[in-house]
Participant: 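Quick one: structure below, then a few questions.
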Protein chains: 2
Amino acid sequence: MKRKFQDIYKQLSERIEAGTYQAGTTLPSEHQLAITYNASRETIRKALKMLSEHGYIQKVQGKGSIVLDMSRINFPFSGVTTFQELSQKLGSRTKTEVIHLKQEFGQLGEEGIVWHVHRVRHIDGERIILDKDIFSAQDVPHLTKEISEKSIYDYIENELGLTISFAHKEIVIEEPSEEDQNYLDLAENHVIVVIRSYTYLEDATLFQYTESRHRSDKFRFVDFARRVKK
Amino acid sequence: MKRKFQDIYKQLSERIEAGTYQAGTTLPSEHQLAITYNASRETIRKALKMLSEHGYIQKVQGKGSIVLDMSRINFPFSGVTTFQELSQKLGSRTKTEVIHLKQEFGQLGEEGIVWHVHRVRHIDGERIILDKDIFSAQDVPHLTKEISEKSIYDYIENELGLTISFAHKEIVIEEPSEEDQNYLDLAENHVIVVIRSYTYLEDATLFQYTESRHRSDKFRFVDFARRVKK
DNA sequence: CAGTGGTCTAGACCACTCG
DNA sequence: GAGTGGTCTAGACCACTGG
């Protein structure tokens, strides 16, 4: 598969992160980039659109593509991101403990066999997050303690070859449940940040429901958002 | 300005919301849409890309564009959205009270004259949100109590002709400050959801800093997110 | 196989910015 | 006016889906 514009995106984004293109300056013009990368202008524009969506640049008509200051974004948590990917950015001060792993008959969109997985996430020795997942057994036939401890997403994407595509998420604040109190290190006044999400595969089938329950004092959600045109 | 693909996006999105195109079915093919709208395929594809980004459809190679079920999304709060726009969706059970409005010398990116605006948002008679805004006086020379009560964004976009473009946001949980306790209707155990955001104009200049402090029991954040390709 | 979406091209015209 | 990005086109080739 050809992915010229993805390659161009990758190179430009790396150069911005490396400081080759400085924040506040403009990128070379689309015309110039087209010559440099031996591509048509529309192809360059697809790469620039991605840069814009990911917060690397701001396009201004008549001026050019201004490089933005990415350093403000500590870790991009928007999009669908996993604890495993997050823990890599935090260094290896994290640990996952599987406390429940069972196949049941249940409902996830349609009725069928599903996996129930409960995991406690440790950060710096404290129990911070309780993840309760339901996976469709149709899409994920096998699950082990080892896979659950490592990264289920990694297994799904790299071993099973499935492609995770999009998610609906909801974030609300709740009082700690009895389960939260048992499995998380909570102080007296702690509340729980609950992220409920439905995750879909490339063919738009629902394959996962997650309830990610975070100790509120350790919770942080960072987002880069563009204004929706009316 | 020509905006053919925006018009096509608008019509298709309206038809999906109206149920003319049912969830689970596919849209007409790109080729067919190109004929229908008298447009080239690339133009159709731009419209479909927008639909995809906004959660209306899922594209599957070789199959088509599958219409998704939008009804799950109660109100899209992702992107940069204002209380005023939100209140329109809640009906007119909302009220804004301006408790502070002053011009000062301060810092917003660079040093200069800035506006400080503090507003309490009432929903169904309860004081739920405390918004603390800082605006650059260079971009927003005039601000009145009336404008602040109605919608500053509306004033900025429609009266001043400025275009709000993107924002960095951060969401964290905090204990109520003294100010929170004075201006919000809080129960004993309430914590505060704090949304800090930096908002930028089209030319990438920082023009606003906002701290939006929500009573946690009334807080809900809903998002549609696509998985970021590595 | 036909039909679908994914990518790329070369060129055109327009709107905007800045000197 | 020269240079920039915004939009649109007509056609091409590829990869994937399904019967």
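Per chain, numbering begins at 1; letters A, B, ... match sequence-line order.
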Participant: Give a yes or no answer on whether the side chain of A:Ser148 reaches the backbone of A:Thr144 with a donor-acceptor pair at less than 3.5 Å.
Facilitator: yes
Participant: Of all of residues 10-17 of chain B, which get a heavy atom below 4.0 angstrom from DNA chain D, listed by number?
Facilitator: none
Participant: Respond yes when some side-chain nitrogen or oxygen of A:Thr43 is under 4.0 Å from OP1 or OP2 of C:dT7, and no when none is.
Facilitator: no
Participant: Would one find a side-chain N or O of B:Lys63 under 4.0 angstrom from OP1 or OP2 of C:dG5?
Facilitator: no
Participant: How many Å lie between NZ on B:Lys4 and P on D:dT9, as a whole number?
Facilitator: 4 Å
Participant: What about A:Tyr9 and A:His54, are their ring centers closer than 6.0 Å?
Facilitator: yes
Participant: Within this structure, what is the CD1-to-P distance between A:Ile44 and C:dT9, rounded to whole angstrom?
Facilitator: 8 Å
Participant: Tell me, do A:Tyr21 and A:Pro28 make a side-chain contact under 4.5 Å, heavy atoms counted?
Facilitator: yes
Participant: CZ of B:Arg41 versus C1' of D:dC13: gap in Å, rounded?
Facilitator: 11 Å
Participant: Measure the distance from CD on B:Glu42 to C1' on D:dC13 and round it to the nearest whole Å.
Facilitator: 13 Å
Participant: Using a strict threshold of under 4.0 Å (side-chain N to carboxylate O), is an ion pair present between B:Asp133 and B:Arg119?
Facilitator: yes
Participant: Whether B:Lys145 and B:Glu149 form a salt bridge (side-chain N of Lys/Arg under 4.0 Å from carboxylate O of Asp/Glu) is what I want to check.
Facilitator: yes
Participant: So, A:Glu53 and A:Lys49, do they make that salt bridge, N to O below 4.0 Å?
Facilitator: yes
Participant: Please report the distance, rounded to the nearest Å, between CZ in B:Arg3 and C1' in C:dC13.
Facilitator: 18 Å
Participant: Considering only NZ, NE, NH1 and NH2 on the basic side and carboxylate oxygens on the acidic side, decide whether A:Arg121 and A:Asp131 come within less than 4.0 Å.
Facilitator: yes
Participant: Measure CD1/A:Ile57 against P/D:dT4 and give the value in whole Å, please.
Facilitator: 15 Å
Participant: Out of D:dG6, D:dA10, C:dC8, which has the shortest distance to the side chain of B:Ser40?
Facilitator: D:dA10
Participant: Considering the terminal five base pairs at each end of the helix from C:dC1-D:dG18 to C:dC18-D:dG1, what angle separates the two local helix axes, rounded to 10°?
Facilitator: 10°
Participant: Could you check whether B:Lys95 pairs with B:Glu97 (Lys NZ or Arg NE/NH1/NH2 to Asp/Glu carboxylate O, under 4.0 Å)?
Facilitator: no
Participant: It should be established whether B:Lys59 places a side-chain nitrogen or oxygen under 4.0 Å from OP1 or OP2 of nucleotide C:dG6.
Facilitator: yes
Participant: Hey, does A:Asn38 reach any base, or is it just sugar-phosphate, or nothing, if we go heavy atoms under 4.0 Å?
Facilitator: sugar-phosphate
Participant: Evaluate salt bridge (charged side-chain N to carboxylate O under 4.0 Å, His left out) for A:Arg15 paired with A:Glu17, printing each intermediate quantity in order.
Facilitator: CA-CA 5 Å; A:Arg15 291 197 175 173; A:Glu17 286 184 1; over 6 Å; no
Participant: Grab the CD-C1' distance between B:Glu30 and C:dT7 for me, whole Å please.
Facilitator: 11 Å
Participant: Can you tell whether the side chains of A:Arg3 and A:Asp7 come within less than 4.0 Å, N to carboxylate O?
Facilitator: no
Participant: Side chains of A:Lys169 and A:Arg196: closer than 4.5 Å at any heavy-atom pair?
Facilitator: no
Participant: Measure the distance from CD on A:Gln58 to P on C:dC16 and round it to the nearest whole Å.
Facilitator: 16 Å
Participant: Taking N and O atoms by type only, does the side chain of A:Glu202 place a donor or acceptor under 3.5 Å from a partner on the base of D:dC16?
Facilitator: no
Participant: Is there a side-chain polar atom (N or O) of A:Arg45 under 4.0 Å from OP1 or OP2 of D:dG6?
Facilitator: yes
Participant: Should the pair A:Lys63-B:Glu202 be classified as a salt bridge under the 4.0 Å nitrogen-to-oxygen rule?
Facilitator: no
Participant: Heavy atom of residues 21-29 of chain B under 4.0 Å from DNA chain D: which residues?
Facilitator: none
